[in-house]
Amino acid sequence: MTFLAPLRQAAQPFDSLAAEVPPRRIHLSPPHLTGHEAAALQGVLDSGWVAPAGPAIAAFESAIAAATGFPHVLATASGTAALHLAFRVLDIVPGDEVWAPGFTFIASVAPAVQMGAVPRFLDVDPASWTLDPDLLRAELRAAARRGRLPRVVVAVDIYGQATDIDAILAACDHWSVPVVSDSAEGLGASIRGRHAGRGARVAALSFNGNKIVTAGGGGALVSDDPVLVARARHLANQAKDPAPHYQHSATGHAYAMPSLLAAVGTAQLAALDRRVAARRALFHRYADALSDLPGITLMPEAPWGMTTRWLTALLVDPARFGTDRDTLREGLDAAGIESRPVWKPLPDQPVFRDAPRAGGAVASALFARGLCLPSGTGMAEADQDRVIAAIRGACRA
Ligand SMILES: *Cc1c(COP(=O)(O)O)cnc(C)c1O
């Protein structure tokens with residue numbers, strides 16, 4: 001009001017002022033509330049169980065088990081915390097090699113690196129954008145010949161697409177190398193009828209605000225192995241030994257999920273199937289409206305599973321589209337539309353410039369051309385139409 005008043009005094013007609021108001025900004029993947037979160041929070045407050053233990057946590061862990069089929073679940077303060085706990089229960093020690101696809105978010109390996117592990121980055125398969133099992137098999141054979149197998153292989157689900165975990169496990173089981181599945185982006189995805197990540201020694205989920213469902217922050221460590229999850233639970237709660245006083249045989253973490261977040265997460269998880277269907281419908285609407293454009297290719301769906309299309313990602317061939325990815329992104333930004341380049345490969349990150357790697361041409365090519373589009377399930381059709389029109393308008397072919 002204070003800055004509008006002088007404008008009015010200058011006799012500027014209100015209509016022309018309104019016309020200058022930019023259209024509402026469209027974000028990449030904002031939280032989509034169900035309407036049941038407030039009641040769930042109130043329930044926890046009324047019960048008094050706001051500590052990071054108690055019935056809201058147990059209910060959330062049961063809901064995660066039901067949604068994913070993983071029988072043992074530990075709710076954590078973040079997906080990154082779940083990954084850290086996974087590396088701890090697999091007993092990573094300084095100098096161990098941890099292998100991961102280069103095409104991912106840094107949290108896939110950051111906790112292992114902080115524990116002193118050496119990351120080694122492998123390329124991804126262009127048909128799925130996930131870890132290439134053939135390359136992994138060849139690299140494991142070569143590592144065995146060198147006498148230096150990785151301590152852990154991390155498989156990563158990308159933009160809702162599950163890694164072919166069966167192929168990864170077949171390669172790793174031969175050398176008894178445990179597999180961690182970073183399924184932070186895989187919640188709700190399936191592979192051959194099972195939930196993403198099933199079969200890995202341990203998997204990590206994320207309920208961060210941008211994920212397909214959110215607890216307002218948080219994650220989960222999930223596994224078939226009750227002993228491993230019990231150890232992670234002990235470490236997540238400061239590694240307190242059973243004793244009336246504070247007694248510790250190891251150092252732990254403050255990684256337990258607060259009850260209030262668990263209540264929000266339970267309300268959100270009830271909508272997971274609907275959210276998956278809605279993300280897939282958004283993707284198909286983009287595909288129908290954009291695939292006739294020269295030089296535009298949407299992320300493929302791998303034949304082994306069902307992707308959630310957590311984020312719709314596409315590749316821009318500048319020679320055919322007439323505009324490159326960065327110019328397209330800047331144009332969308334100017335039109336009030338948030339988009340993001342796909343993951344910059346970790347071996348190209350300054351922090352990992354000296355890390356060993358195997359291949360990487362596929363990940364680099366994806367990064368050169370890939371863009372993630374607004375994919376929030378709360379997005380109105382008219383807003384998606386704005387995104388589509390802006391992309392079509394940027395084509396110079
Ligand atoms: C989001 C994400 C994480 C981390 O989850 P947080 O809950 O944000 O800590 C890890 N890996 C990948 C691939 C992610 O996308």
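When a ligand or atom number is given, it counts from 1 through the structure's own listing order. What you see below is based on every heavy atom in this structure, not just the backbone, and it leaves out hydrogens, waters and symmetry mates. In this text the structure is predicted, and so the values were computed from the model without any measurement.
Contact annotation: for Thr80 versus ligand 1, heavy atoms closer than 4.0 Å belong to both the backbone and the side chain.
Taking 4.0 Å as the cut-off between side-chain N and carboxylate O, Arg392 and Asp385 do not count as a salt-bridged pair. A salt bridge links Arg198 and Asp224; the closest N-O separation between the charged side-chain nitrogens and carboxylate oxygens is under 4.0 Å. Salt bridge annotation for Arg231-Asp225: absent, with no cationic side-chain nitrogen under 4.0 angstrom from a carboxylate oxygen. A salt bridge links Asp383 to Arg386: one of the charged nitrogens lies within less than 4.0 Å of a carboxylate oxygen.
For atom 11 (N) of ligand 1, the nearest protein heavy atom (residue, atom name, distance) is Asp182 OD2, 2.7 Å. From the protein, the heavy atom lying nearest to atom 5 (O) of ligand 1 is Ser206 OG, 3.3 Å.
Ligand 1 is approached by Gly218 to a heavy-atom distance shorter than 4.0 Å.
Where the criterion is an N or O separation shorter than 3.5 Å, residue side chain and backbone included, Gly79 meets it with respect to ligand 1. At least one N or O atom of Glu185, backbone or side chain, sits closer than 3.5 Å to an N or O atom of ligand 1.
Less than 4.0 angstrom separates some heavy atom of Lys211 from each of these atoms of ligand 1: 1 (C), 2 (C), 14 (C), 15 (O). Taking a cut-off of under 4.0 Å to the non-hydrogen atoms of Thr104, the atoms of ligand 1 that pass are 13 (C). Applying the 4.0 Å criterion to heavy atoms of Ala184 picks out, from ligand 1, the atoms 2 (C), 3 (C), 10 (C), 11 (N), 12 (C), 14 (C).
Between Phe103 and Tyr159, the two ring planes are perpendicular [angle over 60°; tilted spans 30° to 60°].
In this comparison of Thr214, Asn208, Val109, Val154, the heavy atom closest to atom 8 (O) of ligand 1 sits on Asn208.
One finds the CD atom of Glu338 at 11.0 Å from the CG atom of Leu373 (value rounded to the nearest 0.5 Å).
Under 3.5 Å, the side chains of Ser29 and Arg279 contain a donor-acceptor pair of N or O atoms.
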